Amino acid sequence: LATGPRQDNSIFYEIRTYDIKPSKMKEFLEMVNKYIHFRTAHSELVGFWYTELGAMNKVFHIWKYDNFAHRTSVRHALANDKDWQGKFISVALPLIEKQHNEVAYLVPWCQLGKPPKEGGVYEWVTFQMKPGGPALWGEAFRAAINAHINTGYTKLIGVFHTEYGLLNTVHVLWWNESPDQRAAGRHSAHEDARVVAAVRDSVRFLESQQNALLVPLPCSPLK
């Protein structure tokens, strides 16, 4: 059940999800904003968000690597970075209940985008597709994404397909100016025959779907 085609280079993205102890969320976010520069000195941070809707007390962060050797060297350097280990890791770990990571590639037809301006909110949508990979459902999924883009109400940031983690998982990151703009756009999309037709074709391959509204931290490059 191979993942199928991906971009024509070795770049990948590590998606990390942490569950934070509810009483420690404010403290954790303050620590990230204060000390993340020790971490970003070693590799590129794409974005760092906390959940507002759809999940509670979670943070999402995405890191970019040139290849697996690059990640290995970064992890080794971090283990030996006294500032990172002493000022952040040793204090932050007791605040975390659970950690989860995935390795994902951008799908071949998507480049990592940026919002048209700072501010706004992000929507993280996770699709669990039927086994078989993009050879089975790729074109239908792409058509459904493009149908939403063509309505103009939302901005696509990236489409990530897992390589390590639960396979046949696709994460889609969108940007909107506000939750209300997103809600109005969704209502319009539901009445758009093009969107309805594309989604109806794509859901034949869908097993489950989950979404969360994300708010970027001040330290996040995507904000």
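Everything numeric here is computed off the predicted structure, so don't read it as measured data.
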Point-to-point distance, once rounded to the nearest 0.5 Å, from [atom1] of [X] to [atom2] of [Y]:
| X | Y | atom1 | atom2 | value |
| --- | --- | --- | --- | --- |
| L78 | D83 | CG | CG | 12.0 Å |
| H70 | Y65 | NE2 | OH | 7.0 Å |
| R186 | T154 | CZ | OG1 | 9.0 Å |
| T17 | H61 | OG1 | NE2 | 7.5 Å |
| N67 | F12 | CG | CZ | 7.0 Å |
| Q99 | I20 | CD | CD1 | 8.0 Å |

Counting only N and O atoms by type, is there a donor-acceptor contact under 3.5 Å from the side chain of N176 to the main-chain atoms of S178? no
Report yes or no: does N168 contribute a side-chain atom to a donor-acceptor pair with the main-chain N or O of G133 at less than 3.5 Å? yes
Could you walk me through whether W49 and K58 pass the side chain to side chain contact (heavy atoms under 4.5 Å, CB included) test, one step at a time? CA-CA 9 Å; W49 304 265; K58 286 183 180 287; over 6 Å; no
Does [X] have any salt bridge (Lys or Arg N to Asp or Glu O under 4.0 Å) partners at least two apart in sequence or in another chain, and if so, which?
| X | answer |
| --- | --- |
| E30 | K26 |
| K82 | none |
| K223 | none |
| R194 | D192 |

Is [X] atom [atom1] crowded by more than 12 heavy atoms from other residues, nucleotides or ligands, each under 6.0 Å away?
| X | atom1 | value |
| --- | --- | --- |
| E139 | CD | no |
| R200 | CZ | no |
| F68 | CZ | yes |

Holding to ring-ring contact (aromatic ring centres under 6.0 Å, His included), I want the full list of residues that pass it with F28, two or more places apart in sequence or in another chain. none
Under the ring-ring contact (aromatic ring centres under 6.0 Å, His included) rule, collect the residues that match up with Y153, sequence neighbours excluded. none
Closest approach of [X] to [Y] (non-hydrogen atoms, all atoms of both residues):
| X | Y | value |
| --- | --- | --- |
| S202 | A144 | CB-CB, 3.8 Å |
| A55 | T51 | O-OG1, 3.1 Å |
| R204 | K130 | O-CE, 3.0 Å |
| W175 | E177 | CH2-CG, 3.4 Å |
| M31 | A92 | CE-N, 4.0 Å |
| S220 | G47 | OG-CA, 3.3 Å |

In sequence, state the C-alpha distance, the side-chain angles, and the governing distance for L29 and V59, and then conclude on side chain to side chain contact (heavy atoms under 4.5 Å, CB included). CA-CA 9 Å; L29 296 180; V59 296; 3.9 Å; yes
Evaluate the criterion side chain to side chain contact (heavy atoms under 4.5 Å, CB included) for residue pair N101 and I15; output intermediate values, then yes/no. CA-CA 5 Å; N101 76 331; I15 301 165; over 6 Å; no
Would you indicate whether the side-chain heavy atoms of [Y] and [X] approach each other to under 4.5 Å?
| X | Y | value |
| --- | --- | --- |
| T40 | F48 | no |
| I36 | L45 | yes |
| L156 | V159 | yes |

Linking I/L/V/M/F/W/Y whenever their side-chain heavy atoms sit closer than 4.5 Å, directly or via other members, would I145 and F205 fall into one cluster? yes
Going hydrophobic residue to hydrophobic residue with side-chain gaps under 4.5 angstrom, can you get from Y35 over to I96? yes
Step through it carefully: locate the ring centre of F160, locate the ring centre of Y13, and say whether they are under 6.0 Å apart. yes
Quick one: side chains of residues 210-217, donor-acceptor pairs under 3.5 Å with protein atoms, not counting sequence neighbours, listed by atom name and distance.
{"residue": "N211", "atom": "ND2", "partner": "E123", "partner atom": "OE2", "Å": "2.7"}

Check side-chain hydrogen bond (donor to acceptor under 3.5 Å, both in side chains) between N146 and all other residues, then give those that pass, not counting sequence neighbours. none
Summary of ring-ring contact (aromatic ring centres under 6.0 Å, His included) pairs that have at least one residue in residues 131-152, sequence neighbours excluded: F127-F141, W137-H161
Mind jotting down which residue pairs meet the ring-ring contact (aromatic ring centres under 6.0 Å, His included) criterion with at least one end in residues 71-98? Sequence neighbours excluded, please. W84-F88
On the ring face of W63, is R71 found with NZ or CZ under 6.0 Å from the centre and within 45° of the axis? no
Test F60 against every option in W124, Y122, Y50 by the ring pair (Phe, Tyr, Trp, His ring centres under 6.0 Å) rule and name the one that passes. W124
Partner residues of T169 under the side chain to side chain contact (heavy atoms under 4.5 Å, CB included) criterion, sequence neighbours left out: E102, T126, Q128, T162, L166, H171
Side-chain donor-acceptor distances from residues 106-120 under 3.5 Å, at least two apart:
none

Trace of the side chain to side chain contact (heavy atoms under 4.5 Å, CB included) decision for V170 with M129: CA-CA 8 Å; V170 185; M129 308 302 290; 4.2 Å; yes
